[in-house]
Amino acid sequence: MPELPEVETVRRGLAEAMEGRRINQVLVRRTDLRRPLPGNFAEALEGQTITRLSRRAKYLLICLENETVVLAHLGMSGRMVIEQGTDAETPARKHEHIVFVVGNGTVIRFSDPRRFGLMDLTTESSLASHPLLANIGPEPLDDMFNGPALVQRLKGRKTPLKSALLDQRVVAGLGNIYVCEGLFLAGLSPRRSAHTVGLGRANKLVAATKKVLQEAIESGGSTLRDHVTATGEMGYFQHNFKVYGREGEACPVCNNEIRRIVQAGRSTFFCASCQG
DNA sequence: ATTGGTTCCTGCTGGC
DNA sequence: TGCCAGCAGGAACCAA
C-alpha cells in the first residue's frame with residue numbers, strides 16, 4: 001500500500017524519465033477509477049512538456065508547461081512503471097488503465113487492480129485549494145511538522161493516537177505501516193488518547209516519524225504486495241519493520257510478544273511493554 | 001466539531 | 001485439493 005515513502009520513490013523514478021519530456025500520447029483504457037477521470041484528460045495533456053514531477057502527501061503531481069497539473073493517487077494497488085521502447089498499445093494488460101508516451105518512446109504505464117487510485121486535472125494556481133488537497137496537514141518531512149505543530153493538531157481529539165495519525169488532516173502522507181513503526185520508535189502507545197500528547201511526547205514522535213520515513217525512502221519504500229519503483233524494482237524497507245506485520249514475534253527491544261489490535265477497522269501492531 | 005460506519009474494488013487467505 | 005465467503009486497506013462521504 002503506497003504511503004509517502006513509496007510515492008516519493010515512484011516520484012523520483014518518474015522525474016528521471018519524464019521531466020523535460022513532451023507528452024506525445026495518452027491512452028485511456030478506463031475512466032472509472034476511484035473518481036471518474038476528467039473527460040478531456042488525454043487531450044489536456046497531449047503535446048505538453050512536463051516541467052516537474054512533484055508530490056504532496058500521497059499524491060503525485062505532474063506539472064506541465066501550461067500550468068496544468070495532473071494529480072495522481074496510487075490508492076492501494078497502483079503502479080507507475082516506466083518502459084523503454086515497448087509498444088504502448090500492447091499488450092493490453094488487464095488492470096492497466098492509463099498509458100503515457102513521452103519523448104522518444106518512453107512508456108509510463110499506470111495500473112491499479114483495485115482501482116482505489118485516481119487522477120484529476122488542476123492548475124498551479126488552484127492546486128492548493130483543490131478539494132483533495134485543501135484540508136491536508138503538513139508534510140511530515142517539512143520543518144513545519146514539529147512538536148508544537150503536532151500538539152496543536154492533536155488538541156481536542158479524543159480518538160486514539162494511532163487513528164489520529166492516519167488522518168491526513170493531522171499530518172500528510174502517513175499510512176498504517178509508518179504510523180505503527182513511528183509509534184514504536186517513539187515508545188508511545190497507539191491507544192493513548194490523541195489530545196494527551198504533550199510537547200515532550202510530540203517531539204519524540206515527530207523525530208521518530210521523520211527517521212522512519214527517511215530510512216524507508218532510502219530503501220525504495222516497502223514492498224508487501226504491490227509496490228514497485230518506477231523502474232519496476234521492489235522496495236526493501238519491509239525487512240526493517242520492527243512491529244508491522246509481526247504479530248506474535250518477539251519485540252526487537254524487549255523480547256515481549258508483539259501484539260495486533262484493530263483500531264478504527266485497521267490493524268495496529270505494537271509492543272505493549274515498550275509502548276507505554 | 002468530531003467521530004464512527006459505510007463504501008468503493010480485487011486478490012488473497014483461511015476454513016471447510 | 002478445491003472452492004468460496006470474508007477480509008484488507010486509503011480516504012471520501014454520510015450520519016449522528
(message) Less than 4.0 angstrom between a side-chain N/O of A:His73 and OP1 or OP2 of C:dG10, yes or no?
(response)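 No, no such contact exists.
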(message) Tell me whether the side-chain N/O atoms of A:His95 come closer than 4.0 Å to OP1 or OP2 in B:dG11.
(response)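 Indeed, a polar side-chain atom of A:His95 lies that close.
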(message) Check A:Glu16 with A:Arg12, please: is the shortest side-chain N to carboxylate O separation under 4.0 Å?
(response) no
(message) Using a strict threshold of under 4.0 Å (side-chain N to carboxylate O), is an ion pair present between A:Arg52 and A:Glu19?
(response) no
(message) Measuring from the side chain of A:Lys94 (C-beta onward, heavy atoms only), which nucleotide among C:dA11, B:dG4, B:dG11 has the closest atom?
(response)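 Taking heavy atoms from C-beta onward, the closest nucleotide is B:dG11.
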(message) Let's see if you can work this out: which of B:dC9, C:dC13, B:dG11 has an atom nearest to the side-chain heavy atoms of A:Arg35?
(response)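 Output: C:dC13.
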In whole angstrom, give the distance that lies between atom [atom1] of [X] and atom [atom2] of [N].
X	N	atom1	atom2	answer
A:Leu33	B:dT10	CG	C1'	14 Å
A:Leu174	C:dA11	CG	P	10 Å
A:Arg79	B:dT10	CZ	C1'	14 Å
A:His130	C:dA11	NE2	C1'	14 Å
A:Tyr59	C:dG10	OH	P	13 Å
A:Leu161	B:dT3	CG	C1'	16 Å
A:Asp120	C:dA12	CG	C1'	14 Å

(message) Tell me the closest heavy-atom pair linking A:Thr196 and A:Arg201, and the distance in Å.
(response) O-NH1, 4.3 Å
Distances for protein N/O vs nucleotides 5-9 of chain C N/O pairs under 3.5 angstrom?
unit_1: C:dG9; atom_1: OP1; unit_2: A:Tyr244; atom_2: OH; d: 3.2

(request) State, with a plain yes or no, whether a side-chain heavy atom of A:Glu139 is found less than 4.5 Å away from one of A:Met144. (result)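 Side-chain contact under 4.5 Å: no.
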(request) Find out whether A:Arg115 and A:Leu33 are in side-chain contact, i.e. whether some heavy atom of one side chain is under 4.5 Å from a heavy atom of the other. (result)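 The answer is yes; the side chains approach within 4.5 Å.
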(message) Counting the atoms with a prime plus P, OP1 and OP2 as sugar-phosphate, which does A:Leu166 contact under 4.0 Å by heavy atoms, base, sugar-phosphate, or nothing?
(response) nothing
(message) Taking any heavy-atom pair under 4.0 Å as a contact, classify A:Arg115: base, sugar-phosphate, or nothing.
(response)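 Sugar-phosphate contact only - A:Arg115 comes under 4.0 Å of backbone atoms but never of a base.
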(message) Is it the case that the side chain of A:His195 and the backbone of A:Arg157 share a donor-acceptor pair, with hydrogens and angles ignored and the cut-off at 3.5 Å?
(response) yes
(request) Using a cut-off of 6.0 Å, state whether more than 12 heavy atoms not belonging to A:Asp32 lie near its atom CG. (result)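 Yes, CG of A:Asp32 has more than 12 neighbouring heavy atoms, counting only those of other groups under 6.0 Å.
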